[in-house]
2 protein chains.
Amino acid sequence: MSIPVSSHLVSLRSATLSEDIAQQLSSAIVKGDIPQGSKISEPELAKQYGVSRGPLREAIVKLEGLGLVTRTANVGARVIQLNLQDMLDTFTMREALEGMAARLAADTMPASEVNNLYDLLDKHQAHLDDNQDEHYLQQGGNDDFHLRIIHASQNAKLIRLLTEELYSVIRMYRRHTADQRSDPRQALREHRAILDAIANHEGDLAELLMRRHISRASQLLKQAMEHSERASH
Amino acid sequence: MSIPVSSHLVSLRSATLSEDIAQQLSSAIVKGDIPQGSKISEPELAKQYGVSRGPLREAIVKLEGLGLVTRTANVGARVIQLNLQDMLDTFTMREALEGMAARLAADTMPASEVNNLYDLLDKHQAHLDDNQDEHYLQQGGNDDFHLRIIHASQNAKLIRLLTEELYSVIRMYRRHTADQRSDPRQALREHRAILDAIANHEGDLAELLMRRHISRASQLLKQAMEHSERASH
DNA sequence: AAATCCAATATTGTCGACAATCTAACTTGA
DNA sequence: TCAAGTTAGATTGTCGACAATATTGGATTT
């Protein structure tokens with residue numbers, strides 16, 4: 001079985017092969033190019049990427065640490081298979097951590113960044129008004145409201161955990177269950193309320209609103225996945 | 001320079017060398033046998049453990065994922081050097097996550113486990129009354145109240161993150177700053193209050209109390225470390 | 001025909017060696 | 001004397017090969 005991989009290390013920019021492979025593999029898994037639950041064959045991938053098994057194995061170990069693959073001794077690695085419970089657990093952690101991030105942001109975010117974020121939300125608003133497609137369009141770029149709040153927390157460990165570990169899993173699931181929030185305008189309103197609280201330095205309120213916001217998304221996810229599971233039976 | 005390591009793989013029980021090395025290295029770092037900030041020399045450690053560099057490198061990559069070492073390409077790995085900010089950041093995450101764990105535990109903990117925990121706290125009380133040493137004695141074993149709450153959350157991802165990633169760093173710092181909570185009886189009282197809230201299925205309260213409890217520990221840590229830093233200048 | 005056992009094959013785990021890069025000591029020049 | 005440049009040494013990154021384990025397929029027995 002030939003997995004559709006972009007190509008043989010088109011351009012390697014990292015200092016080490018292992019890092020490059022890790023990045024490309026991670027991207028391939030998150031994008032869904034390597035499907036969930038599929039086996040990671042070392043000889044096959046080594047040939048596809050044109051490297052030896054050494055750095056490839058290091059990359060796989062790294063991905064295991066990020067929670068994208070699971071390994072069993074003498075058997076090998078498989079891409080994780082997301083189920084509803086895993087996603088709900090992840091959202092519960094997001095609720096706790098991003099709630100805390102919002103609280104911290106309310107303490108420390110400079111007025112300039114607050115203004116930038118208001119502009120960003122205006123941009124999102126305009127996008128919603130223009131396009132009819134009901135996509136909120138915040139696929140993890142620098143325009144993602146949540147990422148901006150997370151970075152505003154200035155807690156390095158929290159930032160790393162959320163952006164590098166949790167969010168890769170979340171993006172992964174988004175590919176497979178074409179969720180896309182059912183009501184993007186509601187989400188935008190909630191974002192505004194959170195930002196208002198931050199602008200007023202109301203940490204308690206900011207945390208409460210962020211948690212409610214994520215909890216709501218979690219509920220929607222649960223309904224969507226239960227529905228799709230029911231449909232497939 | 002010869003690092004004091006227990007010995008050459010006295011008994012390997014894991015299926016793979018790499019896992020064994022990772023476990024032994026992790027333990028050595030947390031215990032302080034390999035001091036903070038020191039360089040991880042691959043040839044040296046490979047000889048000490050009696051393995052080749054292959055599995056050793058995989059172990060180092062794993063430790064990097066756990067946040068115990070940092071690596072720079074073509075230079076090597078160093079044991080992390082904990083500073084006050086890192087510890088405060090870690091405690092902030094604990095506050096968010098263990099607060100959430102307490103909330104979840106209040107929902108789902110069975111009455112039997114609640115009773116077990118009351119017994120555990122009684123045991124801690126007796127220990128404090130007997131021994132004069134002001135050690136609360138909860139060094140991460142099964143008698144650790146916090147670990148029991150964390151597991152009661154039944155959130156697999158949260159459990160893994162707290163027990164495998166955050167707590168190793170916390171134990172590591174405990175070795176180096178001989179902190180040991182200044183008032184263990186106060187801590188025990190707080191534990192009782194948290195457990196009461198859980199027993200009554202008051203999730204909001206359990207979360208609030210747990211967060212306050214950890215926040216207080218964080219304050220004590222901050223004072224202690226600032227004091228010790230001032231003393232060393 | 002189904003289940004068990006066994007051999008052949010493929011895959012993972014480990015090793016030693018080579019290439020690329022960094023580090024440290026020495027030399028050279030101002 | 002100090003700084004920059006250079007060279008020798010050591011360390012990390014990568015590779016191909018071998019050993020150990022798991023998987024697959026067929027043969028054998030009931």
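Residue numbering restarts at 1 for every chain, and letters A, B, ... go by the order of the sequence lines. The analysis underlying the following values was restricted to heavy atoms, covering all of them including side chains, and did not include hydrogens, waters or symmetry mates.
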Rounded to the nearest angstrom, tell me the gap between atom [atom1] in [X] and atom [atom2] in [N].
| X | N | atom1 | atom2 | result |
| --- | --- | --- | --- | --- |
| A:R71 | D:dA22 | CZ | P | 15 Å |
| B:E58 | C:dG13 | CD | P | 7 Å |
| A:E19 | D:dT12 | CD | C1' | 13 Å |
| A:E64 | C:dT12 | CD | C1' | 14 Å |
| B:R53 | D:dG13 | CZ | P | 8 Å |
| B:N74 | C:dT21 | CG | C1' | 5 Å |
| A:L56 | D:dC15 | CG | C1' | 13 Å |
| B:E44 | D:dG9 | CD | P | 21 Å |

Salt-bridge test for [X] and [Y]: reply yes if a basic N is under 4.0 Å from a carboxylate O, no otherwise.
| X | Y | value |
| --- | --- | --- |
| B:E98 | B:R211 | no |
| B:E113 | B:R148 | yes |
| B:R171 | B:E165 | no |

NA contact type, B:I40, heavy-atom cut-off 4.0 Å: base, sugar-phosphate, or nothing?
-> sugar-phosphate
Which part of the nucleic acid, if any, lies within reach of B:A15 when heavy atoms closer than 4.0 Å are counted: base, sugar-phosphate only, or nothing?
->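 No contact.
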Respond yes when some side-chain nitrogen or oxygen of B:S18 is under 4.0 Å from OP1 or OP2 of C:dT14, and no when none is.
->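 Negative; the distance criterion is not met.
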Under 4.0 Å: is that the gap between some side-chain N or O of A:K39 and OP1 or OP2 of C:dT12?
-> yes
Can you tell which of [options] lies closest to the side chain of [X]?
| X | options | answer |
| --- | --- | --- |
| A:A73 | C:dG13, C:dC15, C:dT12 | C:dG13 |
| A:S52 | D:dT14, C:dT11, C:dC15 | D:dT14 |
| B:R57 | D:dA17, D:dG13, D:dC15 | D:dG13 |

Verify whether one side chain among B:H191 and B:H146 offers a donor that lies under 3.5 Å from an acceptor in the other.
-> yes
Is the backbone of A:L147 close enough, under 3.5 Å, to the side chain of A:H151 for a donor and an acceptor to pair up by distance?
-> yes
On DNA chain D, more 5' by nearest nucleotide between A:V75 and B:P43 is B:P43
